[in-house]
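Note sheet for the following structure.
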Amino acid sequence: MDKIDNNLLHAVETNWLSFVIAIIVFALLNFLARKRIGFGTRVLIGLGLGLVVGILFQSLDSLEIKGITTFGNIYISLIRMLVIPLVFILVLNSIASLTSLDYLRKIGFKTFAWFLGTTGIASVIGLLTALVFNPGHGIQQPGASDAEVREIPTFSEVILSLVPSNPVSEAADGKVVPVLIFAIFLAVAIIKVGSKNEEAVKPVRDLITSATQVLHQVVKFVIRLTPYGVFALIAGVASKYGWDTLQELGSVIVTSYVALIIHFVLVFGGLVFFVAKVNPIKFFKKAYPTVAVAFTTRSSYATLPINLEVITKRLHVSPRIASFVAPLGASVNFNGCGGVWPAVVVVFTSQAFGIELGLTDYIVLVLVSIISSIGVAGVPGPAVISTTVVLTALGLPLEALAIVAGVEALIDMARTAVNATGTTVTALLVANSEGEFDREAFNKDDDEELALNAV
């Protein structure tokens with residue numbers, strides 16, 4: 001009992017300031033919500049406050065920030081709670097609502113084509129930007145050869161990890177892709193049976209529809225906590241890394257952000273303007289909540305509920321396209337993690353270790369980036385795995401991963417924003433090609449209010 005009392009006393013002594021600050025910030029964010037301040041604005045305010053508070057705590061050796069970061073961990077746990085049921089129900093509802101398997105094959109092909117095509121372009125942009133900025137120059141070659149690197153799964157392991165063997169067990173383990181594939185099997189079976197006897201599957205369709213509505217309400221409860229969770233998460237990141245890490249690997253950060261911004265503005269903006277024929281400025285304005293949440297949470301899954309609302313209510317894409325593309329994109333679309341980032345790390349590694357690369361190596365880089373972006377679907381830490389695969393394919397030392405690990409969390413914010421926005425763009429492009437994009441509603445400014453803006 002004395003040990004418990006001492007631990008509690010120590011926690012209070014070292015965390016009292018973080019608890020006080022958390023209460024003040026949460027009260028402020030709640031006040032802004034009641035004043036109907038926009039969701040994206042409140043997320044960015046939470047980000048700014050988290051950055052300031054995190055840097056403050058980095059200078060306070062006697063006090064800890066766990067009182068704040070605990071709230072961030074709670075928020076992430078609630079998001080993880082939603083991922084499996086959300087992916088399963090939405091994919092099931094989206095596909096089961098179709099009447100033709102030919103339509104499913106058509107939108108599936110278009111979705112993957114855009115995912116992989118934009119990842120390849122992202123890899124080229126990352127490569128060219130890195131060659132211009134030379135992020136590896138001036139970085140001393142490390143002597144540590146025992147740096148821990150994530151193991152690359154073999155081809156057979158990748159395939160087996162994607163195929164569902166026990167959907168219940170895999171759902172419990174948080175394996176998204178096997179659950180997604182199981183949902184596709186069920187949905188296709190519903191379509192096949194329904195084509196012969198609609199009455200036989202009507203109870204199942206009604207159950208799926210009802211479950212979708214209930215799940216949407218649960219999602220609303222959780223995503224309203226996003227500004228508070230963002231504050232806590234960013235405070236933790238800022239207190240851990242601070243300015244010293246930024247200065248040491250500033251060139252890597254700058255190179256990555258420039259490449260990601262180029263891809264975001266030119267590629268996404270160009271596709272929206274030239275293919276979908278809509279105003280890219282208006283598109284980015286409407287997609288702003290998705291970008292803000294992805295940037296601050298660093299999780300495509302955490303962004304999935306928000307992205308679904310943005311795609312359907314602000315972009316006015318049909319729910320069945322959104323429900324198919326968005327969950328799939330959160331699992332396999334890695335423009336930032338699988339395209340830009342491996343290219344930047346490859347150039348950084350070649351320059352830091354004095355290894356010359358030629359045109360053939362660059363071509364291999366782009367091709368392997370595209371292929372690996374498929375292979376890491378369902379594997380935790382896709383950016384690390386993709387980069388490991390690319391470095392290995394080019395015969396470059398894996399120790400470079402240990403060097404850039406110090407700033408990866410900071411870069412991951414922009415990578416995730418690009419990933420999530422790429423999914424949003426793909427949903428618009430697929431819907432536009434299928435006549436399921438309400439252009440007239442998109443061009444109006446009277447969008448349906450997002451549940452995110454509620455208190």
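On a predicted model such as this, the values are computed, not experimentally measured, just so you know. Index from 1, following the sequence.
- Inter-residue side-chain proximity for Trp341 and Val404 is flagged as met; some heavy-atom pair is nearer than 4.5 Å.
- Asn307 is linked by a side chain to side chain donor-acceptor pair (under 3.5 Å) to Thr290, Thr424, counting only residues two or more places apart in sequence or in another chain.
- For the pair Ala287 and Val310, the tightest heavy-atom approach, listed with the atom from each and the gap, is CA-CG1, 3.9 Å.
- When side chains are defined from C-beta on, Phe324 counts as touching Leu104, because their heavy atoms get closer than 4.5 Å.
- Shown here are the side chain to side chain donor-acceptor pair (under 3.5 Å) partners of Thr129, two or more places apart in sequence or in another chain: there are none.
- Listed by chain and number, the residues in a ring pair (Phe, Tyr, Trp, His ring centres under 6.0 Å) with Phe437 are Phe442 (sequence neighbours excluded).
- Here the side chains of Asn419 and Cys337 are in contact, with some heavy-atom distance below 4.5 Å.
- Taking each heavy atom of Ile355 and Pro397 in turn, the nearest pair found is CD1-CD, 3.6 Å.
- In this structure the side chain of Val344 never reaches within 4.5 angstrom of the side chain of Phe133, judged on heavy atoms.
- Classification of Asp206 and Lys202 as a salt-bridged pair holds, one side-chain N sitting under 4.0 Å from a carboxylate O.
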Under 3.5 Å, sequence neighbours excluded: what are the donor-acceptor pairs made by side chains of residues 179-190?
none

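- Residue Gln217 qualifies as enclosed at atom CD: its count of foreign heavy atoms under 6.0 Å is above 12.
- Pairing each heavy atom of Gly126 with each of Ala259, the nearest pair is CA-CB, 4.0 Å.
- With sequence neighbours excluded, no residue satisfies side chain to side chain donor-acceptor pair (under 3.5 Å) with Lys192.
- Here the closest non-hydrogen pair linking Tyr362 and Leu357 is OH-O, 3.6 Å.
- Annotation: side chain of Val325 is in contact with side chain of Phe115 (closest heavy-atom distance under 4.5 Å).
- Heavy atoms from other residues, nucleotides or ligands lying under 6.0 Å from CD1 of Ile281 number 12 at most.
- The side-chain heavy atoms of Asp102 and Lys106, taken from C-beta on, include no pair separated by under 4.5 Å.
- Listed by first and then second residue, the salt bridge (charged side-chain N to carboxylate O under 4.0 Å, His left out) pairs that reach into residues 110-127 are Lys110-Glu434, sequence neighbours excluded.
- Heavy atoms from other residues, nucleotides or ligands lying under 6.0 Å from CZ of Phe273 number 12 at most.
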Q: Under the side-chain contact (heavy atoms from CB on, under 4.5 Å) rule, what do Val347 and Leu131 come out as? Steps first, then yes or no, please.
A: CA-CA 7 Å; Val347 175; Leu131 291 175; 4.1 Å; yes
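- Nearest heavy-atom pair across Ala420 and Ala294 is CB-CB, 3.7 Å.
- Within the 4.5 Å cutoff, side-chain heavy atoms of Asn432 are placed close to those of Arg439.
- Under the side chain to side chain donor-acceptor pair (under 3.5 Å) criterion, Ser299 pairs with no residue at all, not counting sequence neighbours.
- Taking both residues in full, the closest heavy atoms of Trp114 and Val430 are given as CD1-CG2, 4.2 Å, listed atom of the first, atom of the second, then distance.
- Rounding to the nearest 0.5 Å places CG of Leu394 at 9.5 Å from OG1 of Thr349.
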Enumerate donor-acceptor pairs with a distance under 3.5 Å from any side-chain N or O in residues 47-55 to protein atoms, sequence neighbours excluded.
none

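- Here Ile311 contributes atom CD1 and Ile306 contributes atom CD1; the two are 11.5 Å apart, rounded to the nearest 0.5 Å.
- For Arg205, the salt bridge (Lys or Arg N to Asp or Glu O under 4.0 Å) partners at least two apart in sequence or on another chain are Glu198.
- Within the 4.5 Å cutoff, the side chain of Val278 has heavy atoms near those of the Leu428 side chain.
- Qualifying ring pair (Phe, Tyr, Trp, His ring centres under 6.0 Å) partners for Phe284, counting only residues two or more places apart in sequence or in other chains: Phe264.
- By the ring pair (Phe, Tyr, Trp, His ring centres under 6.0 Å) test, Phe71 is found to be paired with Phe26, residues two or more places apart in sequence or in another chain being considered.
- The stretch residues 414-430 participates, sequence neighbours left out, in these salt bridge (charged side-chain N to carboxylate O under 4.0 Å, His left out) pairs: Glu408-Arg415, Asp412-Arg415.
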